[in-house]
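A short worksheet on the structure shown next.
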Amino acid sequence: MTVADGLSIEPEEAAVQVLLSMSEILAATRQQRYHALWMFADKFLPTITRGRAKQTGSSGIDMENELPLSLFALACLMLALQSNLDGKASKDSKQVLKEVYATACSALGDSFSAFHSSTRLLEAAAIVRCEVKTARQKSTSDYLLEMHCNIQEAGLATFHDVALDTCYSILELLYASADYRRSQPLECGGKLLAAAIIASAFALTIQPAKVLPLPFLSWLSDLSRHPKDVIQAQAEQVVACLLQ
């Protein structure tokens, strides 16, 4: 799917793809990328879904004339780019707005620029701020990095061939699956989901001869402090989602 394809249809998955693609074009850091995903997929989408179900004005979102999901995805990315997640000074908000809007117009083409002004992007960002507490919280992506580092420090050579980038790719595929997100909220995944993703990456990328004789679930259980049968069940759901 290209970036522009994300605006030809408007499901949640397409908006997530727009966010991911634009974060690459804008060279967002990994922290910014996943903070934007957390704001949009874990926090904002459940809010707007509840608002649609209730059809009341309490959500703060105009259900009769709402903005497209892709614009909210870009707004979340813009807010993440403005944040000082890496401890550095926050970027100038006006400069980030210009950069994100200009890049979106270039990447998404007339289907975006003809209907959405920078003012509408600001409007979407204002709604996100009202609906989501945008302060950084520890998320599944943080636990993935933490557990991967713990594996390296523990000297578990068995897992050394499991690339962290592969684990992040699996996490992004889960974010792009509305069905998975609705059944398994990613923000609540924590160490359990991180362990399940590492187990899935291990089982899918390492030679079977190396996988079968090893008690890798027991090792992940020790690291995550979750029972291995629970990790296995979660990993099976992850793999099932990947194979859809």
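These numbers were taken from a predicted model, which means no experiment stands behind them. Hydrogens, waters and symmetry mates play no part in the numbers below; they use all other heavy atoms, side chains included.
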*Can you list the steps and then say if W38 with K43 is a side chain to side chain contact (heavy atoms under 4.5 Å, CB included)?*
CA-CA 7 Å; W38 169 80; K43 291 297 185 181; 3.4 Å; yes

_Before you tell me yes or no, could you show the steps for Y168 and L145 under side chain to side chain contact (heavy atoms under 4.5 Å, CB included), namely the whole-Å CA-CA distance, both residues' side-chain angles and the distance that decides it to 0.1 Å?_
CA-CA 9 Å; Y168 281 124; L145 177 59; 3.4 Å; yes

*Determine, stepwise, if the pair V100 / L77 fulfils side chain to side chain contact (heavy atoms under 4.5 Å, CB included).*
CA-CA 8 Å; V100 172; L77 180 57; 5.6 Å; no

_Please evaluate residues L74 and L108 with respect to the criterion side chain to side chain contact (heavy atoms under 4.5 Å, CB included), reporting the C-alpha separation (whole Å), side-chain torsions for both, the decisive distance (0.1 Å), and the verdict._
CA-CA 12 Å; L74 286 172; L108 302 174; 4.3 Å; yes

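The shortest non-hydrogen separation linking A28 to Q32 is CA-OE1, 3.5 Å. Between F40 and L69, the shortest heavy-atom contact is CE1-O, 3.6 Å. Minimum heavy-atom separation, A75 to V128: CB-CG2, 4.4 Å. In plain terms, the two heavy atoms of L193 and V238 that are nearest each other are CD1-CG2, 4.0 Å. Minimum interatomic distance between A107 and M22 (heavy atoms only, all atoms of both residues): CB-SD, 3.9 Å. Across all non-hydrogen atoms, the minimal contact from A124 to L71 is CB-O, 4.0 Å.
Looking at D142 and Y34, their side chains never bring a donor and an acceptor atom within 3.5 Å of each other. Looking only at atom types and distance, the side chain of Q95 has no donor-acceptor partner in the side chain of E99 under 3.5 Å away.
Rounding to the nearest 0.5 angstrom, the gap separating the CG atom in L217 from the CD1 atom in I231 is 6.5 Å. For the atom pair S224 OG and E146 CD, the distance stands at 11.0 Å (nearest 0.5 Å). Atom CG of D42 and atom SG of C76 lie 10.5 Å apart (nearest 0.5 Å). One distance of note links CD1 of I198 with NE2 of H148; it measures 6.5 Å at 0.5 Å rounding. Atoms CD and CG, on E13 and L173 in that order, are 12.0 Å from each other to the nearest 0.5 Å. One finds the CD1 atom of I197 at 11.5 Å from the OG1 atom of T166 (value rounded to the nearest 0.5 Å).
Linking Ile, Leu, Val, Met, Phe, Trp and Tyr whenever their side-chain heavy atoms come within less than 4.5 Å leaves F115 and L122 in two separate clusters.
E172 places no side-chain N or O within donor-acceptor distance of the main-chain N or O of S169, the cut-off being under 3.5 Å. The closest donor-acceptor contact from the side chain of S83 to the backbone of L79 lies under 3.5 Å. Under the 3.5 Å distance criterion, the side-chain polar atoms of T205 are matched with a main-chain donor or acceptor of A201.
Looking only at side-chain heavy atoms (C-beta outward), V230 and P227 come within less than 4.5 Å of each other. The side-chain heavy atoms of P68 and R120, taken from C-beta on, include a pair separated by under 4.5 Å.
In this structure S23 satisfies the side-chain hydrogen bond (donor to acceptor under 3.5 Å, both in side chains) test together with R33, sequence neighbours excluded. Legend: residues meeting salt bridge (charged side-chain N to carboxylate O under 4.0 Å, His left out) with D165, ordered by chain and number and at least two apart, are R30.
The aromatic rings of H116 and F112 sit tilted relative to each other, their planes meeting at an angle between 30° and 60°.
At most 12 heavy atoms of other shown residues, nucleotides or ligands fall within 6.0 angstrom of atom CG in D110.
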